Number of protein chains: 2
Amino acid sequence: MCSAPIPRSRTGRPRSARADAAILEATRAALVELGWSKLTMGDVAGRAGVAKTTLYRRWASKNELVVDAVAVLFDELELPDRGSLTADIEGVVRQFAALLERPETKTALMAVIAESTRDEPLRERIRVSIVERQKRLVLEGRRRAQARGELPTTSGTAPGTDDLIFDVIAGAVVHRALVSAEPVDAEWVRRFTALLLGGLAAAAAQP
Amino acid sequence: MCSAPIPRSRTGRPRSARADAAILEATRAALVELGWSKLTMGDVAGRAGVAKTTLYRRWASKNELVVDAVAVLFDELELPDRGSLTADIEGVVRQFAALLERPETKTALMAVIAESTRDEPLRERIRVSIVERQKRLVLEGRRRAQARGELPTTSGTAPGTDDLIFDVIAGAVVHRALVSAEPVDAEWVRRFTALLLGGLAAAAAQP
DNA sequence: GCCTTTCGCTACGCCTCGTAGCGTAACGCC
DNA sequence: GGCGTTACGCTACGAGGCGTAGCGAAAGGC
């Protein structure tokens, strides 16, 4: 999330936090207007009102800049208690779909993932800033469902189940929205959730 | 799939089919070596032994070229009858995962999908050349499972079910392999298939 | 008030893009 | 076999982005 992890000198002129915010905001604006492929570092610098060199002092490449600019959007995802596991899943699926509808996430997410297949540090950055960060939703949802008695306790659950569920939910929604390019409407959400819950129930029945 | 659909004049020197094949092969080789972002049209032309202008006469952009170069790889997917729906699903999931392990598909697939979010014709090209084309696997698998009595007949199945299943399978595997960047090993395949089948069984029990 | 670091700015070499123009090569048709 | 048509290889070009270097000025810590 932060442009320079920690090891920054204590002396000298400090980096402008204002510039950081302006750059990330400008990056998102540029993504909306231009999309990933036509976004240029010079353009972002111009929008943010900073010099291009300032930009390169903080982010080594367009990839890392965009990851940071988009990552914060995913933190908007929430999991309010809707009373049942079904409602909780449907709610988060709808939220995630809405997030993927936004042009800046739509055009950036797949692009940085594509780049990450050839760039291990970038993949790690994505994993830490976005993927692992949002698994909290699965953990919270399961914890709540267990409290309600809708799912068996953790002791009876195989390790890696949360990862599996996360891949299924996020993967299906992304594929529906960006690859199939068809709407994630109420009907689809209902049916997908029913499918997933049916699978979870079956798994709970016979470990 | 074909570079120029059909409306090509009958007179004059015909386009070299040899060049077509060489270009697509060179594109795949370049994807393996350089990845998506560093692949250039000039480089592909050089590898294929053709002039850069020849390349532009057939494909308007790098995006369309790569879609055509990669699309044929997906046709390798097969669905041999493995005796049960479980085995059929596990088999195709393994095949799909193996395909996504190949560097040329790994780096290209996400990239062209990212581009397609801002390029309607490209999205359509992907849909026709790859996505819709591979739904045949779902249709065939369901048909077979119905013949075995493992699934109810089509009449009792809601429309769009095949699309849902396709999004779940393809989405989950892609997400596991490229986003989570963890191996699609035998254990994961087994558990994912069990989850999906449990969901299908539940859906069949109560329409 | 000095030292250190960042800042904005300008300029640069390098590369890729996509196109234009040329002469030549390969085919269908008569 | 000749003619018309189209594709081909080649060269060259302007446009534009990349990433870096070097400068003087500004903004903090001590």
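Residue numbers start from 1 in every chain, and the chains themselves are labelled A, B, ... in the order their sequence lines are given, proteins ahead of strands. Here the structure is a predicted model, which is why all the values come from computation and not from measurement.
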Nearest-angstrom distance from the residue atom [atom1] of [X] to [atom2] of [N]:
X: B:W59; N: D:dA7; atom1: CH2; atom2: P; result: 14 Å
X: A:L55; N: C:dC9; atom1: CG; atom2: P; result: 14 Å
X: A:D43; N: D:dG19; atom1: CG; atom2: P; result: 15 Å
X: B:N63; N: C:dC17; atom1: CG; atom2: P; result: 12 Å
X: B:L65; N: C:dC17; atom1: CG; atom2: C1'; result: 15 Å
X: B:E64; N: C:dG18; atom1: CD; atom2: C1'; result: 14 Å
X: B:I23; N: D:dA7; atom1: CD1; atom2: C1'; result: 12 Å
X: A:R15; N: C:dG8; atom1: CZ; atom2: P; result: 12 Å

Closer than 4.0 Å, any side-chain N/O of B:T54 to the OP1 or OP2 of D:dG9? yes
Check this one for me: any side-chain N or O of B:R57 less than 4.0 Å away from OP1 or OP2 of D:dA7?
no
Whether B:F96 and B:F74 hold their rings parallel, tilted or perpendicular, with breakpoints at 30° and 60°: tilted
By nearest atom, which of the nucleotides [options] is closest to the [X] side chain?
X: A:P14; options: D:dA7, D:dG28, D:dG17; value: D:dG28
X: B:V50; options: D:dG9, D:dC18, C:dC17; value: D:dG9
X: B:Y56; options: D:dA7, C:dC17, C:dC27; value: C:dC17

Between B:T161 and A:R191, a side-chain donor and acceptor under 3.5 Å:
yes
Worksheet item: Is there a donor-acceptor contact under 3.5 Å linking the side chains of A:Q146 and A:R144?
Response: no
A:W36 six-ring centre to A:K62 NZ/CZ under 6.0 Å and within 45° of normal = yes
Between the base of D:dG9 and the side chain of B:K52, is there a donor-acceptor distance below 3.5 Å? no
Between the base of C:dA25 and the side chain of B:R13, is there a donor-acceptor distance below 3.5 Å? yes
Walking DNA chain D from its 5' end, the first of B:A51 and A:T53 to be reached, judged by nearest nucleotide, is B:A51
DNA chain D nearest-nucleotide lookup for B:G12 and B:G49: closer to the 5′ end is B:G12
Between B:R118 and A:L34, the two heavy atoms sitting closest are NH1-C, 3.9 Å
